[in-house]
Asker: 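Okay, here's the structure, questions in a sec.
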Amino acid sequence: MRVITLEEHFTSREISEANAKYNPPAPNQPKELIEFYKSRMMFGEALFDIEKMRLPFMDKCRITMQVLSYTSPVSDKVPSSEAIKICRRANDILAERIAEYPDRFAGFATIPMADPEAAANELERCVKNYNFCGVLVAGQFQGHFYDEPQFFPIFKKAEELDVPVYFHPAVIAKEIQDHYFTSPSWNIIVAGEFASAGFGWHMDVGIHVVRMILSGIFDKLPNLKIISGHWGEMIPAFLERMDYMFPHKITGLKRSISEYYKTNIYLTPSGILSSMQLEYLVKLMGAEHILYSVDYPYMQPDNVYEFLANSNLTQDEKELIAHKNAERILHIHE
Ligand code: CA
């Protein structure tokens, strides 16, 4: 069984340095926080390296192909002219690495959200010139969610090119971090994890996908495909409730929230290898809407292949999730 995983991160030193110029470390951070972040840096080398770490991991886990994306696409602090240049260069570098191992890697583009027209053009360039499979966007742009009309050209282009947009989490607004996730009852590291990869980032990007539905974008672009990681970022369990609370008469949309969700949204596990989630979401969404992802190098489970192969799904369902959906939606050919 071929295995294609979709949320697999990569970066190059040149691009991290170009981005770092606009993201200086915050001054006066508490010592325990600096130490904690340093311990996380062990992933650093695995993001850059292909030969010594990434390919051996893939071979060990029987992963045929990773679809690579930059961990944090260009920071929203980078001015737009510079962002356009950095994204072009980032995509050029990624395309060069993929070209060395075309049967092991594919790519999602990084695009400059600061300039939506330029972003749509860069997506087109990457799909047409480099055969990239789509685009990964992270978080919001300077506090603006992508349901706002200025970002429409990006999604219109994605639909026209028939490639998906992967909605990836990113840092959330400081006032939301403070309001929900900080308390005198727990320490600063717990607060940071609660506001980020432990919960807050996921809540945020789950809401982002619901915002796209409520904006009516899928009535305008009925063939647009959005991919949501981490088993849908908590949203699937809430679809019945949203259908009840957002009836047609208040949304003005053509269909119910769950109809759009089951039509236009595709889910991946992002390394949360939970059999209960897998079985529930195959029932809810259909196996055609589930793709596979590990979130390498942040997650490195050693049962990537066995998790699917030994699951209670039918062989057809396993094949769809392991590779056939990716081949169909991302236009990856054997
Ligand atoms: Ca990720």
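Basis for what follows: all heavy atoms, side chains included, without hydrogens, waters or symmetry-related copies.
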Asker: Check whether Asn264 reaches the backbone of Lys225 with its side chain - one donor and one acceptor, N or O, closer than 3.5 Å.
Answerer: no

Asker: Main chain of Ser256, side chain of Glu259: is a donor-acceptor contact present, judged purely on distance under 3.5 Å?
Answerer: yes

Asker: Between Arg255 and Thr263, does a side-chain contact (heavy atoms from CB on, under 4.5 Å) hold up when you go through it step by step?
Answerer: CA-CA 10 Å; Arg255 308 170 78 178; Thr263 305; 3.4 Å; yes

Asker: Between Leu281 and Pro236, what is the shortest heavy-atom contact and its length?
Answerer: CD2-CB, 3.5 Å

Asker: Would you call the rings of Tyr101 and Phe105 parallel, tilted or perpendicular, where under 30° means parallel and over 60° means perpendicular?
Answerer: perpendicular

Asker: Any chance CZ of Phe152 has more than 12 other-residue heavy atoms, nucleotides or ligands included, within less than 6.0 Å?
Answerer: yes

Asker: For the CD atom of Gln277 and the CD1 atom of Ile290, what is their distance to the nearest 0.5 Å?
Answerer: 10.0 Å

Asker: Considering non-hydrogen atoms only, spot the tightest contact between Val294 and Glu8 and give its length.
Answerer: N-OE2, 2.7 Å

Asker: Under 3.5 Å, is there a donor-acceptor pair between the His144 and Glu148 side chains?
Answerer: yes

Asker: Just wondering, do Asn325 and Arg328 contact through their side chains at under 4.5 Å, heavy atoms?
Answerer: yes

Asker: Hey, could you give me the CD1/CD distance between Ile154 and Glu122, rounded to the nearest 0.5 Å?
Answerer: 11.5 Å

Asker: Looking only at the aromatic ring of each residue, does the gap between the centers of His9 and Tyr70 stay below 6.0 angstrom?
Answerer: no

Asker: Write down the atom of Ala138, the atom of Tyr146, and the distance for their closest heavy-atom approach.
Answerer: O-OH, 3.8 Å

Asker: Should Thr268 and Tyr166 be marked as a side-chain hydrogen bond (donor to acceptor under 3.5 Å, both in side chains) after you check the CA-CA gap, both sets of side-chain angles, and the distance that decides it?
Answerer: CA-CA 10 Å; Thr268 85; Tyr166 201 118; 2.8 Å; yes

Asker: Is Asp59 salt-bridged to Arg104, going by a charged N under 4.0 Å from an acidic O?
Answerer: yes

Asker: Going through the distances and angles, do Lys174 and Asp178 end up as a salt bridge (charged side-chain N to carboxylate O under 4.0 Å, His left out)?
Answerer: CA-CA 6 Å; Lys174 172 83 170 64; Asp178 292 345; 2.6 Å; yes

Asker: Mark yes or no for whether Glu233, through its side chain, and Met203, through its backbone, hold a donor-acceptor pair below 3.5 Å.
Answerer: no

Asker: Which distance, rounded to the nearest 0.5 Å, do you find between the CD1 of Ile188 and the CD of Glu193?
Answerer: 12.0 Å

Asker: Is there a side-chain contact between Ile272 and His230 in this structure, where contact means two heavy atoms from C-beta onward sitting under 4.5 Å apart?
Answerer: yes

Asker: Side chain of His202, backbone of Gly229: donor and acceptor closer than 3.5 Å?
Answerer: no

Asker: Between Asp49 (side chain) and Glu45 (backbone), is there a donor-acceptor pair under 3.5 Å?
Answerer: no

Asker: Counting only heavy atoms not in Tyr180, do more than 12 fall under 6.0 Å of its OH?
Answerer: no

Asker: Does a donor on one side chain sit under 3.5 Å from an acceptor on the other, for Glu327 and His333?
Answerer: no

Asker: Looking at every non-hydrogen atom in both residues, tell me the closest pair between Thr110 and Cys87 and how far apart they are.
Answerer: O-CB, 3.5 Å

Asker: Is the number of heavy atoms from other residues, nucleotides or ligands under 6.0 Å of Glu96 CD greater than 12?
Answerer: yes

Asker: Step by step, work out the side-chain hydrogen bond (donor to acceptor under 3.5 Å, both in side chains) result for Gln140 and His208.
Answerer: CA-CA 9 Å; Gln140 308 143 35; His208 204 156; 5.5 Å; no

Asker: Under a 4.5 Å side-chain heavy-atom rule over Ile, Leu, Val, Met, Phe, Trp and Tyr, are Ile226 and Met113 clustered together?
Answerer: yes

Asker: Is Tyr260 close to Ile265 at the side-chain level, that is, under 4.5 Å between some pair of heavy atoms?
Answerer: no

Asker: Side-chain heavy atoms nearer than 4.5 Å, only ILVMFWY residues, links allowed to pass through others: does that put Met285 and Ile257 together?
Answerer: yes

Asker: Would you check if the side chain of Asn91 reaches a backbone N or O of Ala109 as a donor-acceptor pair within less than 3.5 Å?
Answerer: no

Asker: Run Thr5 and Gln66 through side-chain hydrogen bond (donor to acceptor under 3.5 Å, both in side chains) and show every step you take.
Answerer: CA-CA 5 Å; Thr5 58; Gln66 283 188 340; 4.7 Å; no

Asker: Is any side-chain heavy atom of Phe108 less than 4.5 Å from a side-chain heavy atom of Val163?
Answerer: no

Asker: Does Glu317 use its side chain to pair, donor to acceptor, with the backbone of Thr314 at less than 3.5 Å?
Answerer: yes

Asker: If you round to the nearest 0.5 Å, how far is CZ of Arg13 from CD of Glu17?
Answerer: 8.5 Å

Asker: Linking I/L/V/M/F/W/Y whenever any side-chain heavy atoms sit under 4.5 Å apart, do Leu214 and Phe167 land together?
Answerer: yes

Asker: In sequence, state the C-alpha distance, the side-chain angles, and the governing distance for His179 and Glu175, and then conclude on side-chain hydrogen bond (donor to acceptor under 3.5 Å, both in side chains).
Answerer: CA-CA 6 Å; His179 180 70; Glu175 59 270 30; over 6 Å; no

Asker: Applying salt bridge (charged side-chain N to carboxylate O under 4.0 Å, His left out) to Glu100 and Arg97, what does each step give before you reach the verdict?
Answerer: CA-CA 5 Å; Glu100 292 174 57; Arg97 296 308 323 257; 2.9 Å; yes

Asker: Hey, could you give me the SG/CZ distance between Cys61 and Phe307, rounded to the nearest 0.5 Å?
Answerer: 13.5 Å

Asker: In terms of ring plane angle, is the pair Phe199 and Phe181 parallel, tilted or perpendicular, where the classes change at 30° and 60°?
Answerer: tilted

Asker: If you take all heavy atoms of Asp295 and Ser270, which pair is closest and at what distance?
Answerer: CB-O, 3.7 Å

Asker: Indicate yes or no: at least one non-hydrogen side-chain atom of Leu291 is less than 4.5 angstrom from one of Leu267.
Answerer: no

Asker: Can you check whether Ile227 reaches Val165 side chain to side chain, under 4.5 Å on heavy atoms?
Answerer: no

Asker: Please check if the side chain of Asp243 supplies one atom and the backbone of Ser258 the other of a donor-acceptor pair under 3.5 Å.
Answerer: yes

Asker: Could you check whether any side-chain N or O of Lys318 sits under 3.5 Å from a backbone N or O of Ala309, counting only pairs where one atom can act as donor and the other as acceptor?
Answerer: yes

Asker: Go through it in stages, so that I can follow the logic: the residues are Phe132 and Val67, the test is side-chain contact (heavy atoms from CB on, under 4.5 Å), and I'd like the CA-CA distance, side-chain angles, deciding distance and then a yes or no.
Answerer: CA-CA 9 Å; Phe132 278 11; Val67 182; over 6 Å; no

Asker: Rounded to the nearest 0.5 Å, how far does CG of Leu313 lie from CG of Leu308?
Answerer: 7.0 Å

Asker: Testing Tyr292, Tyr296, Phe57 one by one against Ile63 for a side chain to side chain contact (heavy atoms under 4.5 Å, CB included), which residue passes?
Answerer: Phe57

Asker: Would Arg125 count as a cation-pi partner of Tyr130, with NZ or CZ less than 6.0 Å from the six-membered ring centre and within 45° of the ring normal?
Answerer: no

Asker: Answer with yes or no whether the hydrophobic clustering places Leu239 together with Ile250; edges join I, L, V, M, F, W, Y residues whose side-chain heavy atoms lie under 4.5 Å apart.
Answerer: yes

Asker: Which atom names give the shortest non-hydrogen contact between Leu221 and Glu159, and what distance separates them?
Answerer: C-OE2, 3.1 Å

Asker: Indicate whether any N or O donor in one side chain lies under 3.5 Å from an N or O acceptor in the other, for Thr71 and Tyr298.
Answerer: yes

Asker: Hey, quick one: are Ile207 and Ile217 part of the same hydrophobic cluster, counting side-chain heavy atoms closer than 4.5 Å, chains of contacts allowed?
Answerer: no

Asker: Counting N and O atoms only, with roles assigned by atom type, does the side chain of His289 sit under 3.5 Å from a partner on the main chain of Lys262, one being a donor and the other an acceptor?
Answerer: yes

Asker: Taking the side chain as every heavy atom from C-beta outward, state whether Tyr261 and Val209 have any pair of such atoms under 4.5 Å apart.
Answerer: yes

